[in-house]
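These numbers were taken from a predicted model, which means no experiment stands behind them. Numbering of residues begins at 1 and proceeds along the displayed sequence.
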Amino acid sequence: MCGFAGIIDFGRRTGEQTLRATVARMANTLCHRGPDDAGIWTDPAAGIALGHRRLSILDLSPAGHQPMVSPGGRYVIAFNGEIYNYEQLRRELDQVTTCPISFRGHSDTEVMLAAFEQWGVQRAICRMNGMFAFALWDRSGRTLYLGRDRLGEKPLYYGWVGKNFLFGSELKALRCHPDFTAVINRDALALYMRHNCIPAPHTIYEGIFKLPPASILAVSADHPDASTPVPYWSLKLAIEHASAQSFSGTEREAVEELDKLLRDAVRIRMLADVPLGAFLSGGIDSSTVVALMQAQSERPVKTFTIGSYELDHDEARPARAVAHHLGTDHTELYVTPTEALTVIPRLPEIYDEPFADLSQVVSVLIAELARKHVTVALSGDGGDEVFGGYNRHIWHKRIWDSVKWAPRTVRAAAATTIRQFSPAKWQTIFETLSPVLPSSLKHQQFGYKLHKLAEVLPVSDPWAMYFTLVSHWLEPQSIVLGSKEPETLLTRADKWPQFPDFVQQMIFLDSATYLPDDILTKVDRATMAVSLEARVPLLDHRVVEFAWRLPKPLKVHNGQGKVILRRVLQQYVAPELTDRPKSGFGIPLDAWLRGPLRDWAESLLDETRLRNEGFFKPQPIREHWSNHLAANCDLQYHVWDVLMFEAWYASQRQSKPRTESVQAVTSCSLN
């Protein structure tokens with residue numbers, strides 16, 4: 001796992017010394033991604049420079065140093081990630097090449113380069129099983145290739161700054177280029193206010209983009225302006241192909257096939273020349289990963305959990321039970337609210353652009369815990385998106401079928417009635433009744449979920465219900481001055497595969513949007529901030545493609561999600577250890593915003609400050625803040641979105657005065 005950055009100076013105005021110094025400065029902003037080694041490669045005649053920071057995982061020797069030149073000398077690469085099937089590819093290369101390739105070491109980077117030389121860029125990528133982002137310079141074709149893995153586990157940013165084409169693993173690498181002007185992209189800011197993250201290809205800066213997952217961008221030295229990302233794999237096409245080859249075996253055979261695929265996905269992700277472990281929450285996903293790790297390990301797997309006596313949704317106890325059952329070498333850390341609060345000021349630097357998934361705090365804490373013991377940690381992320389595990393997958397159809405018969409006016413009146421009581425009041429009522437309720441009706445954060453239900457009751461169709469569920473601010477362009485919310489995959493039904501029911505549609509949309517833009521961003525930044533590599537076996541593309549061959553009842557059935565994944569896990573862990581209401585390790589943000597975080601929040605939400613910056617209409621934000629303080633409704637997530645932008649914006653202005661807000665749009669009312 002590493003970080004890289006680079007420049008192509010198409011004006012050819014930069015001397016070699018300046019080129020090297022600039023790319024070194026860009027790469028050094030990523031030293032947290034690669035603390036073990038640094039390297040620079042330049043070709044002044046072509047105007048290109050590559051910088052690399054290395055976190056040594058495979059082949060710890062100097063033979064793994066990057067940027068690396070291919071055996072034939074044609075390609076130079078800077079690479080972030082892992083190619084898990086590199087040993088298989090190396091054997092294939094030995095069989096197809098006329099003379100044996102003289103490898104200097106045993107790194108996957110060398111195998112990648114040899115594969116590019118043998119098969120070409122796109123054909124080689126299609127053979128690779130891994131998480132990756134890379135910059136590959138073709139010295140013969142005078143072309144730069146930027147590539148990203150299928151599901152979007154590893155990040156890659158790019159854009160034009162004058163006559164310079166910049167690229168890197170994080171935005172901070174591009175920001176430190178001397179010609180970079182950080183103009184805020186208001187349209188992207190509107191997307192952020194809806195989704196609490198910024199979807200690819202957009203970024204918070206005008207003219208800078210995220211490379212979409214499963215795509216290649218080729219930048220020609222001769223025709224640089226003609227560059228457009230081209231997909232080499234498509235989840236939509238994979239689903240359509242899977243539908244044409246749907247699994248026809250029994251449920252038992254499906255469980256056996258998935259178990260076989262997952263075992264191999266876990267096995268190849270356990271290859272490392274450094275200490276390795278896993279995150280364990282005690283839920284279905286992480287327990288499955290750890291169970292399959294332990295089944296293939298000769299020693300106890302190191303597992304890590306964060307717990308708290310005071311924070312909501314403590315996962316330590318169920319995780320401890322699973323760890324004891326599997327016999328892992330388990331470490332848990334009980335954190336105090338004070339320790340969790342200390343993470344918040346660091347979030348703008350860690351996430352590098354506005355990002356407001358509240359679980360980011362806990363992600364940083366558990367990454368810090370694991371890094372004290374290991375350099376690689378396997379994670380259970382992706383299970384909800386691949387196998388249908390979110391509450392919206394399970395309850396969406398039932399709720400819609402229950403309310404669609406009623407006129408929208410009646411449903412709107414019911415929503416108004418629900419809002420008469422605050423989420424806290426509803427939570428108190430629920431907890432009073434909880435002892436007599438069946439387990440199927442027991443849910444974490446009942447009050448918040450009931451208010452979320454009130455939001456969707458008046459909608460007109462199943463898609464509108466889903467879109468509301470995955471939105472924070474429902475009309476963000478009315479909040480962000482001078483913005484027009486761009487289209488995304490969520491608003492382009494013509495880009496969706498066709499399904500007979502909307503449950504499968506939601507699973508697809510979550511996999512293609514929420515997974516890379518939120519979940520995987522959260523995991524990558526939290527782990528790499530402490531130089532920890534996270535690997536995600538459930539997102540092996542073979543597993544994803546197989547999951548789409550399965551009938552829906554093996555994913556969502558009778559009010560239960562991830563049905564087949566549960567069946568696999570039951571072969572290793574007793575169901576009573578993992579079957580419990582879906583939850584997460586959360587922080588009591590609503591109470592903290594009224595308590596220890598209130599002064600901090602007040603300063604960021606100050607009306608004069610908001611007005612002077614000119615990004616937001618102050619009035620609705622101040623109303624949300626006042627209502628939250630009065631506990632009239634649960635608006636912590638809406639407020640957190642604004643706070644994370646404001647904290648990020650303040651940090652950028654402190655680190656680089658060139659950040660420009662673009663003057664407040666005078667045609668818009670600030671009230």
Side-chain angles (χ1 to χ4, degrees), residues 122-123 125-133 146-156 191 195 197-202 209-217 228-247 258 261 381-390 392-393 396-397 461-464 466-467 469-470 486-521 536 538-552 554-556 561 564:
Q122 180 153 333
R123 288 179 60 203
I125 289 178
C126 291
R127 292 172 177 261
M128 295 176 187
N129 183 342
M131 57 174 183
F132 52 82
L146 301 180
R148 195 173 174 206
D149 62 68
R150 291 173 177 83
L151 277 303
E153 293 181 57
K154 292 292 103 185
L156 184 48
L191 285 174
H195 298 297
C197 59
I198 299 177
H202 309 283
F209 304 94
K210 298 182 183 82
L211 185 66
S215 62
I216 302 169
L217 176 68
T228 302
V230 176
Y232 63 85
W233 182 85
S234 162
L235 180 60
K236 178 179 180 289
L237 293 179
I239 290 170
E240 292 172 348
H241 180 72
S243 299
Q245 297 183 333
S246 58
F247 189 80
L258 180 58
L261 282 172
D381 290 292
D384 290 318
E385 292 82 5
V386 174
F387 295 102
Y390 288 123
R392 54 181 172 263
H393 303 156
H396 181 279
K397 185 177 186 301
D461 55 60
W463 178 85
Y466 170 76
F467 196 53
L469 287 171
V470 298
E487 287 187 328
T488 66
L489 181 62
L490 292 177
T491 58
R492 291 290 306 274
D494 59 309
K495 302 290 186 180
W496 305 350
Q498 298 302 308
F499 293 106
D501 69 81
F502 201 73
V503 174
Q504 294 278 62
Q505 200 74 73
M506 286 189 291
I507 295 173
F508 161 73
L509 290 171
D510 284 337
S511 296
T513 60
Y514 181 63
L515 177 64
D517 296 326
D518 186 312
I519 300 298
L520 296 177
T521 298
V536 191
L538 299 181
L539 295 184
D540 187 302
H541 71 276
R542 299 169 301 168
V543 174
V544 173
E545 291 168 354
F546 176 75
W548 282 105
R549 293 181 57 206
L550 299 173
K552 192 190 77 173
L554 285 181
K555 297 177 185 175
V556 179
I564 191 169

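In this structure, the separation between CG on Leu156 and CG on Leu217 is 8.5 Å, given to the nearest 0.5 Å. Remark: His241 NE2 to Trp548 CH2 distance equals 15.0 Å, nearest 0.5 Å. Here Leu554 contributes atom CG and Ile564 contributes atom CD1; the two are 5.0 Å apart, rounded to the nearest 0.5 Å. Between the CD1 atom of Ile125 and the CZ atom of Arg148 there is a distance of 13.0 Å, given to the nearest 0.5 Å. Atoms CG and CD, on Leu235 and Glu385 in that order, are 11.5 Å from each other to the nearest 0.5 Å. How far CG of Asp149 is from OG of Ser215: 10.0 Å, rounded to the nearest 0.5 Å.
Between His396 and Tyr466, the gap from one ring centroid to the other reaches at least 6.0 Å. Aromatic rings from Phe499 and Trp463 are positioned such that their centres are separated by 6.0 Å or more.
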Open item on the list: The test is side-chain contact (heavy atoms from CB on, under 4.5 Å); show your working for Phe387 and Val543 and say whether it passes.
Closed with: CA-CA 10 Å; Phe387 295 102; Val543 174; 3.9 Å; yes
- [ ] Tell me, with the steps shown, if Leu509 and Leu490 meet side-chain contact (heavy atoms from CB on, under 4.5 Å).
- [x] CA-CA 7 Å; Leu509 290 171; Leu490 292 177; 3.9 Å; yes
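Remark: Arg392 qualifies as a cation-pi partner of Tyr514 under the 6.0 Å distance and 45° angle criteria applied to the six-membered ring. Geometrically, Arg549 does not engage Phe546 in a cation-pi contact, judged by NZ or CZ lying under 6.0 Å from the ring centre and within 45° of the ring axis.
Ser243 places a side-chain N or O within donor-acceptor distance of the main-chain N or O of Ile239, the cut-off being under 3.5 Å.
Among the candidates Val556, Val470, Asp510, Ile507, the single residue satisfying the side chain to side chain contact (heavy atoms under 4.5 Å, CB included) test with Tyr390 is Asp510.
Residues Val386 and Lys555 share a closest heavy-atom pair of O-CE, 4.1 Å. Nearest heavy atom pair, residue Leu538 against residue Asp381, reads CB-O, 3.8 Å. Considering every non-hydrogen atom in both Cys126 and Tyr232, the closest pair reads SG-O, 3.8 Å. When all heavy atoms are compared, the tightest approach of Pro199 to His195 is CG-CD2, 4.1 Å. Taking every heavy atom of both residues into account, Gly382 and Leu515 meet most closely at CA-CD1, 4.2 Å. Heavy-atom minimum distance, Pro201 versus Pro212: CB-CG, 4.4 Å.
You'll find the side chain of Pro155 stays beyond 4.5 Å of the side chain of Thr521, heavy atoms only. With a 4.5 Å cut-off on side-chain heavy atoms, Val536 and Met131 do not count as touching. When side chains are defined from C-beta on, Leu261 does not count as touching Asp540, because their heavy atoms never get closer than 4.5 Å. Using a 4.5 Å heavy-atom threshold, the side chains of Ile198 and Asp517 count as separate.
Side chains of His393 and Asp384: no donor on one and acceptor on the other come within 3.5 Å.
The stretch residues 494-503 participates, sequence neighbours left out, in these side chain to side chain donor-acceptor pair (under 3.5 Å) pairs: Arg492-Asp494.
In this view, Trp233 and Glu545 satisfy the side-chain hydrogen bond (donor to acceptor under 3.5 Å, both in side chains) rule, not counting sequence neighbours. A search for side-chain hydrogen bond (donor to acceptor under 3.5 Å, both in side chains) contacts involving Lys210 returns Glu353, not counting sequence neighbours.
Atom NZ of Lys397 has 12 or fewer neighbouring heavy atoms from other residues, nucleotides or ligands inside a 6.0 Å radius.
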